[in-house]
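See structure below.
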Amino acid sequence: MDLQRILYITKYVINVVGIIITNLYCIPTYLLWMWVILLPFRIINHPGYWYLEGVMFRWLLTVVAGWGWRSKYQIVEMGDDVSALEKERCLFLVNHQSTADVPLLMLAFQEKGRVLESIMWIMDRLFRYTNFGAVSVTHGDYFITQGKNVRDYQMKRLRDHLLRVYLGRNRKWIVLFPEGGFLSKRLETSVKYATKNNFPILEHVTLPRVGAMEVILNTLGPHANLKDAVDEDVSLLSGTEEECEPLKWVIDTTVAYPDRHRPLDLLAICTSYRPPCSVYVHYRCYPISEVPLDSLESLRDWTYKRWSEKEELLKEYYTTGKFPHIPASQRKNETLNSNSHRSHEDYLVLYKDALCRVL
């Protein structure tokens with residue numbers, strides 16, 4: 001074994017050991033503060049407790065985001081500027097490719113004001129049993145169980161969670177992966193389903209499921225009377241009208257890795273064993289008034305159209321090596337104001353600032 005390979009393996013081991021030590025220290029510390037030290041404070045000052053929880057949660061996500069930054073996986077943000085929506089209630093619809101999606105989104109979001117403090121992630125229930133699961137439970141993320149036999153029950157639980165936790169803790173951004181699984185695992189099933197039902201046949205994304213999306217939009221959308229929906233059992237932080245504001249934006253978010261057949265994964269982020277690269281995150285913002293809510297079919301068709309546009313973007317990127325600002329089919333009507341690209345040096349400054357706030 002040559003010296004260079006030994007050095008690489010040593011570096012991987014050091015990175016993994018560092019992450020393990022960080023998890024063993026940071027996660028129990030967060031849980032100790034939230035479940036023991038500050039628990040009486042939750043009774044005395046309910047809003048103050050959740051404010052402190054949000055700050056500590058952001059610190060943890062900043063640490064996780066730092067793993068990708070340390071490995072020099074650069075985030076290049078394109079499309080609409082979502083920084084201006086920091087204080088708005090938004091639903092992010094993201095394509096799902098690998099275990100790297102979540103930590104890289106954390107890296108993209110961590111410099112957008114106080115977004116990470118008030119974000120809610122909707123994830124598969126298996127994530128609940130990971131090392132970060134107890135943190136997510138405490139923060140109020142939602143874990144969804146898939147399957148036709150539990151669908152109605154899960155949708156009812158999601159609606160209750162949105163009212164009691166999302167509104168009750170004044171959360172802002174919701175992140176949802178409508179595909180329900182990784183691209184590599186669902187692609188074959190998606191193509192068969194699309195072929196059978198005459199839906200768009202996609203290769204770079206899979207057809208999304210709209211059940212959870214429908215519940216979110218109908219529960220929190222502009223036509224829902226949230227003041228009536230929030231009954232006496234739901235304790236708002238401050239009891240203000242702002243806490244009952246509906247969702248205002250649906251953000252179509254596309255994540256693109258340089259290698260379509262081998263996207264980055266959590267192991268790569270933890271060990272840095274993959275070479276540095278750029279990961280594109282593309283946003284398109286739609287006012288909720290443009291999202292059809294009159295029927296499940298119209299919502300499904302609208303969402304399928306967004307996913308077909310993702311397919312266009314990704315296909316062009318993997319063909320030309322350049323990620324487009326908008327799909328080719330819409331360039332004649334280009335109206336978007338694209339973000340300037342953020343370089344690795346930009347994220348270095350932003351991450352250092354965030355880390356200084358943590359320390």
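Please read these numbers as outputs of a predicted model, since none were measured by experiment.
Listed here is the closest heavy atom pair of Met34 and Met56: CE-SD, 3.5 Å. Trp35 and Leu39 get closest at one heavy-atom pair: O-CD2, 3.4 Å. The heavy-atom pair separating Gly140 from Val165 by the smallest distance is O-CG1, 3.5 Å. When all heavy atoms of Gly48 and Asn45 are compared, the closest pair comes out as N-OD1, 2.8 Å.
Between the side chain of Asp101 and the backbone N or O of Ser98, at least one donor-acceptor pair lies under 3.5 Å. Counting only distance, with no hydrogens or angles, the side chain of Thr320 and the backbone of Glu316 share a donor-acceptor pair below 3.5 Å. Side chain of Asn197 to main chain of Phe199: no donor-acceptor pair is present (N/O by atom type, distance under 3.5 Å, no hydrogens or angles). Remark: side-chain polar atoms of Gln146 are paired, donor with acceptor, to backbone N or O of Gly180 under 3.5 angstrom. For Ser71 (side chain) and Gly68 (main-chain N/O), no donor-acceptor pair under 3.5 Å exists by modelled atom type. With hydrogens and angles ignored, the 3.5 Å screen pairs a side-chain donor or acceptor of Asn95 with a backbone N or O of Val255. In this structure, the side chain of Arg128 does not engage the main chain of Ala134 through any donor-acceptor pair within 3.5 Å. With hydrogens and angles disregarded, a donor-acceptor distance shorter than 3.5 Å links the side chain of Tyr73 to the backbone of Arg274. Between the side chain of Thr219 and the main chain of Arg159, no donor-acceptor pair closer than 3.5 Å is present.
Between Tyr142 and Arg157, some side-chain heavy-atom pair lies under the 4.5 Å cut-off. Contact check for Arg89 versus Lys172: side-chain heavy atoms found under the 4.5 Å cut-off. With contacts defined as side-chain heavy-atom distances shorter than 4.5 Å, the pair Val175/Leu93 does not qualify. At least one side-chain heavy atom of Tyr257 sits under 4.5 Å from a side-chain heavy atom of Leu104. A heavy-atom distance below 4.5 Å is not found between the side chains of Tyr317 and Lys322. Between Phe177 and Pro208 there is no side-chain heavy-atom pair separated by less than 4.5 Å. Inter-residue side-chain proximity for Leu264 and Cys277 is flagged as met; some heavy-atom pair is nearer than 4.5 Å. At a threshold of 4.5 Å between non-hydrogen side-chain atoms, the residues Trp50 and His139 do not count as touching.
Ile9 CD1 to Ile14 CD1: the interatomic distance, rounded to the nearest 0.5 Å, is 12.0 Å. Atom-to-atom distance recorded for Lys72:NZ and Ser272:OG is 9.5 Å, nearest 0.5 angstrom. Distance OG1/Thr62 to CZ/Phe57: 10.5 Å, rounded to 0.5 Å. In this structure, SG in Cys90 is found 9.5 Å from CD1 in Ile174, a value given to the nearest 0.5 Å. Put simply, CG on Leu107 and CH2 on Trp67 are 12.5 Å apart, with the number rounded to the nearest 0.5 Å. For the atom pair CD of Glu88 and SG of Cys285, the computed distance is 10.5 Å after rounding to the nearest 0.5 Å.
Taking the six-membered ring for Trp and the full ring otherwise, the centers of Tyr166 and His161 sit at least 6.0 Å from each other. Less than 6.0 angstrom separates the ring centroid of Phe109 from the ring centroid of Phe92.
Listed by chain and number, the residues in a side-chain contact (heavy atoms from CB on, under 4.5 Å) with Val36 are Leu32 (sequence neighbours excluded). For the side-chain contact (heavy atoms from CB on, under 4.5 Å) test, residues two or more places apart in sequence or in another chain that qualify with Leu183 are Gln97, Leu187, Thr206. Checked against ring pair (Phe, Tyr, Trp, His ring centres under 6.0 Å), His204 has the following partners two or more places apart in sequence or in another chain: Tyr318.
A donor-acceptor contact closer than 3.5 angstrom is absent between the side chains of Gln74 and Trp69. Side-chain N/O atoms of Gln154 and Arg151 include no donor and acceptor closer than 3.5 Å. Side-chain contact annotation: Gln330 with Glu312, donor-acceptor N/O pair under 3.5 Å absent. Side-chain atoms of Asp80 and Tyr286 form no donor-acceptor pair, as typed in the model, at a separation below 3.5 Å. Between the side chains of Arg58 and Gln110, no donor-acceptor pair is found at a separation under 3.5 Å.
No more than 12 heavy-atom neighbours from other residues, nucleotides or ligands sit within 6.0 angstrom of CD on Gln4. Annotation: Glu188, atom CD; neighbour count of heavy atoms from other residues, nucleotides and ligands within 6.0 Å does not exceed 12. Within 6.0 Å of CG in Asn198 there are 12 or fewer heavy atoms belonging to other residues, nucleotides or ligands. Within a 6.0 Å radius of OH in Tyr8, no more than 12 heavy atoms belonging to other residues, nucleotides or ligands are found.
At a threshold of 4.0 Å, the pair Arg284-Glu309 counts as salt-bridged, since one of the basic side-chain nitrogens sits closer than that to a carboxylate oxygen. Checked for salt-bridge contact, Lys112 and Glu86 miss the test: no charged N lies under 4.0 Å from a carboxylate O. Salt-bridge check for Asp160 with Lys156: passed, with a basic side-chain N closer than 4.0 Å to an acidic carboxylate O.
For the side chain to side chain donor-acceptor pair (under 3.5 Å) criterion with Thr254, the lone passing option out of Arg306, Glu311, His282, Lys310 is Lys310. Partner of Phe132 under the side-chain contact (heavy atoms from CB on, under 4.5 Å) criterion, out of Asp141, Val102, Leu60: Leu60 alone. Between Leu162 and the choices Leu247, Ile122, Leu167, Ile216, the side-chain contact (heavy atoms from CB on, under 4.5 Å) rule is met once, by Ile216. Just one residue in the list Leu116, Leu91, Val82 forms a side-chain contact (heavy atoms from CB on, under 4.5 Å) with Trp173, and that residue is Val82.
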* Could you walk me through whether Glu53 and Tyr30 pass side-chain hydrogen bond (donor to acceptor under 3.5 Å, both in side chains), step by step? => CA-CA 8 Å; Glu53 188 280 331; Tyr30 166 92; 2.6 Å; yes
* **Trace of the ring-ring contact (aromatic ring centres under 6.0 Å, His included) decision for Phe41 with Tyr49** => CA-CA 6 Å; Phe41 187 63; Tyr49 173 87; 7.3 Å; no
* Stepwise side chain to side chain contact (heavy atoms under 4.5 Å, CB included) test for Leu299 and Met213 -> CA-CA 9 Å; Leu299 177 62; Met213 181 181 173; 3.7 Å; yes
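Transitive grouping of hydrophobic side chains (ILVMFWY, heavy atoms separated by less than 4.5 Å) brings Ile19 and Leu61 into a common cluster. With hydrophobic clusters built from ILVMFWY side chains whose heavy atoms lie under 4.5 angstrom apart, Val210 does not share a cluster with Met123. Hydrophobic clustering, with ILVMFWY side chains joined whenever heavy atoms are under 4.5 angstrom apart, keeps Tyr129 apart from Trp121. Under the 4.5 Å side-chain heavy-atom criterion for ILVMFWY residues, a single connected hydrophobic cluster contains both Val215 and Val291. Cluster annotation: Val137 and Val55 are assigned to the same hydrophobic cluster (Ile/Leu/Val/Met/Phe/Trp/Tyr, side-chain heavy-atom contacts under 4.5 Å, transitive).
For the pair Lys305 and Trp302, the cation does not sit on the ring face, since its NZ or CZ is not both under 6.0 Å from the ring centre and inside 45° of the axis.
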